[in-house]
Structures are given as structure tokens and as C-alpha cells.
Amino acid sequence: MTVRVRMAPSPTGSPHVGLVRTALFNWAFARHHGGTFVFRIEDTDKERSTQESYDSIIDLMRWLALDWDEGPEVGGPHAPYFQSERSEVYADALARLRESRFAYDCYCTTDEVAARRLESGSKVMGYDGFCRDLTDDQVAAFIAEGRRPIARFRMPDGSITWDDLVRGEVTFETQYVPDFALCRANGDPLYTLVNPVDDALMEITHVLRGEDLLSSTPRQLALYEALKELGIAKLTPEFGHLPYVMGEGNKKLSKRDPEAHALAYRDQGFLPEGLLNYLALLGWSIAADRDVFSLEEMVEKFDIKDVNPNPARFDIKKAEAINASHMRLLSTDEITHRALPYLKRDGVLTDPVSPADQQLLELAMPFVAERINKLTEASRMLGFLFVAEQDFALDEADRAKLVDTDEGQAVLRAAYDALARVEPWSAARISDALTAALVEEMGLKPRVAFGAVRVAVTGKRISPPLFESLELLGRDRGLGRLQSALS
RNA sequence: GCCCCCGUUGUGUAGCGGCCUAGCACGCCUGCCUCUCACGCAGGUAGCGCCGGUUCGAAUCCGGUCGGGGGUACCA
């Protein structure tokens with residue numbers, strides 16, 4: 001039997017890192033087993049589903065390069081893959097369930113159910129089965145009152161057990177799992193029906209999803225039995241419940257936490273492989289003594305049985321460290337290529353890039369690529385090289401501390417004089433001249449001497465190596481900036 | 001309340017009865033390197049929730065307990 005897994009997000013709001021982690025594990029599972037990764041959009045909630053959210057999810061998946069074999073934009077044998085386009089499918093399943101007595105019509109209101117539960121003193125909440133065996137007269141009476149029924153699934157007696165792929169054997173007594181609603185009174189199908197029906201029809205073999213769905217599993221298992229008997233489902237999939245991704249403290253990472261938004265990591269300059277590698281570590285590990293790996297390695301080694309059931313805290317520091325490790329794995333050319341969109345976005349480079357800027361960028365990147373941990377940091381490091389002279393400005397705090405002081409001014413004057421005579425204008429000659437004038441003649445400590453020059457020339461205390469920066473900047477701009485830093 | 005899940009340093013994990021005086025990574029702290037930053041290098045810090053039991057021997061098995069989380073919808 002070939003493996004078929006799916007990810008089925010609801011297009012509501014901005015995609016969460018938990019969604020990425022679930023998508024990644026499903027994808028890795030499918031690829032490891034040479035199976036099929038199905039992508040389905042669960043937009044049954046018309047009120048909350050938005051086009052914007054859907055676009056974000058697609059954008060995210062494309063960025064991460066988690067490709068799907070069936071689903072939006074690629075189609076497949078089980079199309080359509082949008083639940084909003086599958087109404088007839090659900091209507092048909094619902095009708096057959098109702099005819100079969102696996103489901104029954106319920107005329108109760110939520111308030112009536114709650115009131116009865118309260119009165120009975122029952123410890124179990126939820127529906128009490130009141131309408132399970134209504135007589136024709138009772139039904140006629142309810143309809144005469146103008147009531148509209150919903151369909152409920154009749155939970156069997158006894159217990160339901162499954163061998164969870166992540167947690168092992170899990171058992172629920174069905175007395176604690178009330179008969180659940182399959183549709184609204186207006187006939188709209190609910191998640192409880194739609195999700196298992198689609199999984200059945202799309203012949204999903206393994207359902208890997210968040211722990212929050214754990215308690216709805218017994219209901220789905222019971223529904224599957226019915227669907228199989230009705231010929232709608234061929235098999236019951238195996239289930240594996242992935243641990244939560246937690247935020248600070250002991251709370252599930254919620255949409256309100258800025259760290260929850262997956263696309264924000266792209267904006268911050270994360271590499272997709274860095275984010276994915278970090279997320280993989282939340283509940284899984286490739287080896288006892290290693291945590292940086294490629295997607296290919298993950299695919300090769302991934303086994304759902306190795307997934308740890310404990311909830312994991314999202315640690316941005318570690319995420320950045322893993323990302324930094326991946327940055328160091330890339331060549332300078334590759335980093336240049338990947339940083340380009342960010343440099344344009346931040347206004348460091350124009351779009352398209354001029355040939356002169358392109359050349360300067362290629363000369364500068366070797367000094368930058370090895371010292372940045374996120375792609376966005378390239379903008380901070382390189383800005384001074386591409387800014388027009390009239391727009392060049394020094395960081396106020398750095399200027400006050402290193403430039404606008406008696407010592408700073410003296411250093412800059414000496415630096416200007418020394419540099420004015422440098423020939424040819426190369427990093428080596430610049431280094432010699434500056435060291436002679438500032439360190440040897442003035443007797444300054446290198447960090448003090450070069451600090452003032454650095455701020456005057458690059459605008460900040462933090463920059464690529466000074467001598468190389470000056471060389472790239474050119475004599476005119478270099479001297480000009482020293483000149484303007486002198487008051 | 002009831003049901004279910006989870007419990008190894010601050011964080012993520014390795015561990016599956018002796019190899020554990022508990023390994024790795026991030027973080028943090030010390031140094032080294034050094035024109036800033038970053039990288040790199042050397043070292044340090046800190047943990048098996050608790051109580052019983054099984055066993056010659058338990059982080060590993062069993063029971064209990066405590067703590068945390070989730071569910072309990074005509075949301076997904």
C-alpha cells in the first residue's frame with residue numbers, strides 16, 4: 001500500500017509556524033516512504049476563510065519548497081481540493097448516513113441540552129442522546145413547532161482504542177464521547193463530517209496532525225467504521241498526533257504572538273532550510289550529537305515513530321543559531337543571490353541593479369557573507385557602500401561617542417592626511433598608512449584609532465573590515481567622508 | 001467537574017535495565033583570536049518533578065502522587 005498523507009489547513013488568518021511544522025512532518029513522511037503528499041484547503045467556514053490567507057499559505061509553501069503532489073494549482077485525481085467546491089460530496093455522504101441510522105436527526109437547542117445536563121447532575125458534558133430514538137409523533141410535534149433538525153452521529157457503546165503513531169495506545173470510553181453534530185441546521189456540513197469524508201475519499205493512509213485533534217479521534221474512528229460499511233471509505237487511516245509548539249511560558253503559541261507567524265521569518269531574513277531545520281527539531285532529532293541537517297537528510301532519516309510527544313517551546317535564539325549554521329554552509333555567491341531581494345527591499349540597491357552596483361556588490365559580499373546570520377543583515381552591513389553621498393549620515397550615538405570628541409577629531413585629521421598620500425588605493429596600503437599614522441605615531445590602541453575612522457566612513461561602529469571597506473568605497477568617497485566628519 | 005495527553009539542565013533533545021559520576025545543541029559565563037561586528041577555538045554553568053515498588057542494578061519497568069497542557073461547540 002502506498003502512503004498518502006495530507007495537510008489540510010483552514011485559510012483563516014496568517015499561517016502559523018505550527019502549520020509549517022505539521023506540513024513538514026507530513027511532507028517528510030511522504031517523501032521518506034515514496035508516497036503522495038496531498039494538499040487540501042478546508043474552507044468550510046465561509047465566514048472566516050479569506051483569499052488573502054489562502055494566498056499566504058501558498059506563498060509560504062512555495063517559499064519553503066514543500067511541494068505537493070495533489071492539491072491547489074497542481075490538481076489531481078481527487079479534485080477539487082477545496083472543500084467549498086465539494087458540497088455535493090458531503091451532501092451525499094450525509095444523506096447516506098441519515099438513511100442508514102448511523103446518524104439521526106436532533107431537534108434540541110444548545111440551551112435545552114445544557115439545561116438537561118445540569119439537571120441530571122451528570123459529570124459528562126455535551127449532548128445526551130435525547131433524540132436518539134424519537135417516535136414519529138415526537139418528530140411531527142417538533143416539526144410543527146418549526147424546529148429544524150441537525151444530523152448527529154450515533155456513537156457506539158464500549159471503548160475505542162488506536163495505536164497512535166506518536167503516543168502509542170490511546171483509549172477512550174465512548175460514554176465520554178457524546179453523539180456529535182455532522183451539520184448545521186441549515187444543512188451546512190461541519191468539520192466533523194467533512195474532514196473524515198475527504199480523507200476517506202482521497203484515500204489518506206496516515207493522518208499526522210496537531211495534538212489538539214487528539215480528542216476528536218475517537219469520533220472519527222467511529223465515523224470511519226460507518227463510512228466503510230456504507231462503501232464511502234476503503235480503510236481507516238493510522239493517526240499520529242504531533243506535539244504542540246509552545247510560546248513563552250506554558251501557552252500554546254497563539255496568533256497574537258509575533259513569533260507565531262511563519263512568513264515573518266522570511267521577512268526577517270531566515271533561510272527556508274534554516275527555519276525548516278529548526279522546526280524539525282521541535283519533536284524530532286536526526287541523531288544524538290547533531291542538529292544541523294538538510295531536507296534531503298531529513299527525508300532519508302525521518303520516522304514518525306521517533307517523534308517525541310512532549311510539547312516544545314519555540315526558542316527564537318536557537319532558531320537563529322540553526323539558521324546561522326545554514327548560512328555558513330552557503331557559498332558567497334549563493335548568499336549574494338539570496339540577499340538580493342532583501343537589499344532591493346531595503347532600498348540599498350535599485351531594481352534592476354546597475355552594472356556598477358552589481359560589480360561592487362560582488363566585491364563586497366565576501367566580507368559580509370561570513371559575518372551575517374540572517375539575510376536581512378546584509379542591508380545593514382552594505383548600506384554605506386551604495387548610499388548617495390548627500391544621503392550618507394552617521395549613526396547619532398556612534399558619532400557622539402567616537403567622532404565628535406577631541407580625540408576623534410584628531411584621529412580623523414591624522415587619518416585624512418595619511419590617506420591622502422596613499423598610492424595605490426588598496427586595503428594593504430590603507431592598512432599600512434593608518435597603522436603608521438594612528439597606532440605608531442599617535443600611540444593609540446587599534447580599536448580606538450580605527451573606531452573613529454570606521455564611524456566616519458561607514459556610518460556605524462559595526463561594519464565590514466575597515467581597510468577593505470575603504471578600498472571598495474574608493475579614494476574620493478573615503479576622503480570625502482572623513483572630510484565631512486571633521487567639524 | 002469529567003475525559004485525554006505530557007513530565008531528562010533555562011530551552012530543544014539523546015537515552016529505550018548495567019556503556020550514565022546522564023551525551024549533543026542553543027543560551028548564559030570565562031578566556032583565546034582580533035581594526036568593529038560576526039565567525040572560529042578552549043573551558044565552565046545547570047537536569048532525570050516527587051513517593052513507593054520490581055531488580056544484584058532504574059532516567060529507563062510498574063503503581064501512586066504532584067505539576068503542566070488540551071478537549072468537553074450547530075469552531076477547526
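We use all heavy atoms of the structure for the numbers below, so side chains are in, but hydrogens, waters and symmetry mates are not.
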Could you measure between the two C1' atoms, the one in rC24(B) and the one in rG67(B), and give it in whole Å?
28 Å

Heavy atoms under 4.0 Å, any strand shown: does E468(A) hit a base, just sugar-phosphate, or nothing?
base

Strictly below 4.0 Å: does R117(A) bring a side-chain N or O up to OP1 or OP2 of rG1(B)?
no

Side-chain N or O of T435(A) versus OP1/OP2 of rC35(B): is the shortest distance under 4.0 Å?
no

Among the nucleotides rC37(B), rU36(B), rA76(B), whichever has the atom closest to the side chain of S463(A) is rU36(B)

Counting only side-chain heavy atoms from C-beta out, which of rU13(B), rG40(B), rA76(B) sits nearest to L213(A)?
rA76(B)

Between K317(A) and R454(A), which has a closest nucleotide on RNA chain B that is more 5'?
K317(A)

Measuring only the P atom in each nucleotide, how far is rU45(B) from rG64(B)? A whole number of Å is fine.
39 Å

Give none if rG23(B) has no partner; otherwise give the nucleotide forming a Watson-Crick or G-U wobble pair with it, both distances under 3.5 Å.
rU13(B)

State which of rC75(B), rC2(B), rG12(B) makes the closest approach to the side chain of L281(A).
rG12(B)

Considering only atom P, compute the distance from rC62(B) to rC26(B) and round it to an integer number of Å.
34 Å

For Y54(A) and F82(A), I'd like to know if the aromatic rings sit close, meaning centre-to-centre distance below 6.0 Å.
yes

If we take the P atom in both rC56(B) and rG71(B), what is their distance in whole Å?
46 Å

Base, sugar-phosphate, or nothing: which does A181(A) touch, judged by heavy atoms less than 4.0 Å apart?
sugar-phosphate

Applying the 3.5 Å cut-off to both distances, the Watson-Crick or G-U partner of rU34(B) turns out to be none

Check every strand shown and say whether F467(A) touches a base, only sugar-phosphate, or nothing at a heavy-atom separation below 4.0 Å.
base

What is the distance from CE of M155(A) to P of rA73(B), rounded to the nearest Å?
14 Å

Among rG40(B), rA76(B), rU36(B), the one nearest E42(A) by side-chain distance
rA76(B)

Quote, to the nearest angstrom, the P distance that separates rA42(B) from rC5(B).
45 Å

Ignoring the backbone of K123(A), work out which of rA76(B), rG1(B), rC37(B) is nearest its side chain.
rG1(B)

Where along residues 371-379 of chain A does a heavy atom come under 4.0 Å from RNA chain B, residue by residue in number order?
R371(A), N373(A)

Among L295(A), V307(A), L24(A), whose side-chain contact (heavy atoms from CB on, under 4.5 Å) with F302(A) holds?
V307(A)

Cationic tip of R147(A) above Y107(A) ring, under 6.0 Å, 45° of axis
no

Taking only side-chain N and O atoms of R290(A), does any of them lie within less than 4.0 angstrom of OP1 or OP2 on rU13(B)?
no

Mind checking what makes salt bridge (charged side-chain N to carboxylate O under 4.0 Å, His left out) contact with E259(A), not counting sequence neighbours?
none

Give me, pair by pair, the N or O atoms of the protein and of nucleotides 3-6 of chain B that are less than 3.5 Å apart, along with how far apart they are.
from, atom 1, to, atom 2, distance (Å)
rC5(B), O2', R167(A), NH1, 2.4
rC6(B), O3', N310(A), OD1, 2.9

Residue-phosphate contact under 4.0 Å: R447(A) side-chain N/O, rU36(B) OP1/OP2:
yes

Between rC37(B), rG70(B), rG12(B), which one does the side chain of D212(A) approach most closely?
rG70(B)

Mark yes when over 12 heavy atoms from residues, nucleotides or ligands other than N186(A) sit less than 6.0 Å from its CG; otherwise mark no.
yes

Mate of rC66(B) where both pairing distances stay under 3.5 Å, Watson-Crick or G-U
rG7(B)

Closest nucleotide of RNA chain B for L282(A) versus for P9(A): which of these residues is on the 5' side?
L282(A)

